[in-house]
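Everything below concerns the one structure shown next.
Numbering starts at 1 and runs along the sequence shown.
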Amino acid sequence: MTQLARCCKPAPPDPIVGFVTRGKGVSIHRASCKNFAEMAAKAPERVIQTEWGAALSDTVYPVDIFILAGDRQGLLRDISDAFLREKINVIGVNTQSAKGQARMVFTAEIGSTGQLQKALAAIAEVSGVQEARRQ
C-alpha cells in the first residue's frame, strides 16, 4: 500500500524514498523533499528504500509547474494553449498578479518527464514568460 506524497509530487524518474506512515502504508517522496528530511530526522527507523516499478502506458502523475511572467491580457490563455498543444491535462491553477508580475502555479498530469520538459520549453516561448520550472 503506497501513496504519492502531496508535498513534493514525485514522478518517474525522480529519485524517491519511502516513509512508513501510521495507518496509510508507505508515503513516497522525492529524495530532495524538505518534509521527508524532517520526518526522517525525527523517525529514521520508518525510512525505507524505494524505486519506481514498471509504469503502465496510461499512468499520469500530478506535478506542480511554477511560472513567473510579466502580466498582460491573454497570458493565462496563451499558457493554457501551450499545455493543450502538448496534450497535458491541467487539474489546478493558482495565479496572483501584483506590480505587473504574474506568479502562477499549475498542477498538471504528466505521463513522463520528457513530456514535462517539452511543455516547459513551450511555456518558456510564450511572450512575457520569464521563468517556467517544476516546483
Side-chain angles (χ1 to χ4, degrees):
M1 197 163 99
T2 61
Q3 62 185 3
L4 298 177
R6 288 180 291 201
C7 54
C8 58
K9 295 188 171 107
D14 292 337
I16 55 173
V17 289
F19 189 81
V20 179
T21 65
R22 291 194 171 102
K24 292 185 180 178
V26 177
S27 180
I28 306 299
H29 293 262
R30 286 176 24 197
S32 60
C33 178
K34 292 176 185 176
N35 288 343
F36 172 78
E38 290 177 17
M39 292 184 301
K42 291 178 184 173
E45 70 280 0
R46 294 170 60 191
V47 174
I48 62 170
Q49 289 185 335
T50 57
E51 61 183 46
W52 293 107
L56 301 174
S57 62
D58 60 346
T59 302
V60 293
Y61 300 89
V63 297
D64 287 338
I65 299 170
F66 172 79
I67 300 169
L68 178 65
D71 197 15
R72 65 173 173 79
Q73 192 169 18
L75 177 65
L76 182 59
R77 180 201 61 226
D78 292 347
I79 292 171
S80 296
D81 285 347
F83 282 115
L84 179 65
R85 284 191 306 275
E86 297 303 322
K87 297 179 175 60
I88 292 177
N89 187 37
V90 174
I91 58 174
V93 63
N94 182 356
T95 66
Q96 295 178 332
S97 181
K99 299 179 183 175
Q101 287 283 90
R103 294 177 174 275
M104 305 172 161
V105 177
F106 288 83
T107 302
E109 294 178 324
I110 62 155
S112 69
T113 53
Q115 184 185 29
L116 174 62
Q117 294 307 318
K118 283 180 65 178
L120 290 174
I123 293 165
E125 295 294 317
V126 172
S127 175
V129 171
Q130 300 159 4
E131 181 182 358
R133 63 177 166 80
R134 182 173 174 190
Q135 197 166 22

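Counting only heavy atoms from C-beta outward, the side chains of K9 and Y61 never approach each other to under 4.5 Å. Residues W52 and P10 are in side-chain contact: their nearest non-hydrogen atoms beyond the backbone lie under 4.5 Å apart.
More than 12 heavy atoms of other residues, nucleotides or ligands sit less than 6.0 Å from atom CD of E45. Annotation for R6: atom CZ does not count as buried by contact number, only 12 or fewer foreign heavy atoms lying within 6.0 Å.
With sequence neighbours excluded, the residues that form a ring-ring contact (aromatic ring centres under 6.0 Å, His included) with F83 are F106. Residues meeting the salt bridge (Lys or Arg N to Asp or Glu O under 4.0 Å) test with D81, sequence neighbours left out: none. Qualifying salt bridge (Lys or Arg N to Asp or Glu O under 4.0 Å) partners for E125, counting only residues two or more places apart in sequence or in other chains: none.
Summarising the geometry, atom CD belonging to E38 is positioned 10.0 Å from atom SG belonging to C7; distances are rounded to the nearest 0.5 Å. Rounding to the nearest 0.5 Å gives a distance of 12.0 Å between CD of Q135 and SG of C8. If you take CZ on R30 and CG on N35, they are separated by 11.5 Å, rounding to the nearest 0.5 Å.
The side-chain hydrogen bond (donor to acceptor under 3.5 Å, both in side chains) analysis of residues 110-120, with sequence neighbours excluded, yields no pairs. Applying the side-chain hydrogen bond (donor to acceptor under 3.5 Å, both in side chains) test to every pair with at least one member in residues 99-111, sequence neighbours left out, gives these pairs: D64-T107, N89-E109, Q101-Q130.
Each of I123 and I91 belongs to its own hydrophobic cluster when Ile, Leu, Val, Met, Phe, Trp and Tyr are linked at side-chain heavy-atom distances under 4.5 angstrom. In terms of hydrophobic clustering, with Ile, Leu, Val, Met, Phe, Trp and Tyr side chains grouped at heavy-atom distances under 4.5 Å, V126 and I65 are assigned to a common cluster. L120 is not connected to V60 by any chain of hydrophobic side-chain contacts under 4.5 Å among Ile, Leu, Val, Met, Phe, Trp and Tyr, and they are in different clusters. Residues L76 and V129 share a hydrophobic cluster, clusters being chains of Ile/Leu/Val/Met/Phe/Trp/Tyr side chains in contact below 4.5 Å. In this structure, V90 is a member of the same hydrophobic cluster as I67, with clusters built from ILVMFWY side-chain heavy atoms closer than 4.5 Å.
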What side-chain donor-acceptor pairs closer than 3.5 Å can you find for residues 11-29, not counting sequence neighbours?
residue, atom, partner, partner atom, Å
D14, OD1, R134, NH1, 3.1
D14, OD2, A11, N, 3.0
D14, OD2, R134, NH1, 2.9
D14, OD2, R134, NH2, 2.7
T21, OG1, K24, N, 3.2
T21, OG1, G25, N, 3.2
T21, OG1, G25, O, 2.7
S27, OG, H29, NE2, 3.2

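Nearest approach of L75 to S127, heavy atoms of both residues: CD1-O, 4.0 Å.
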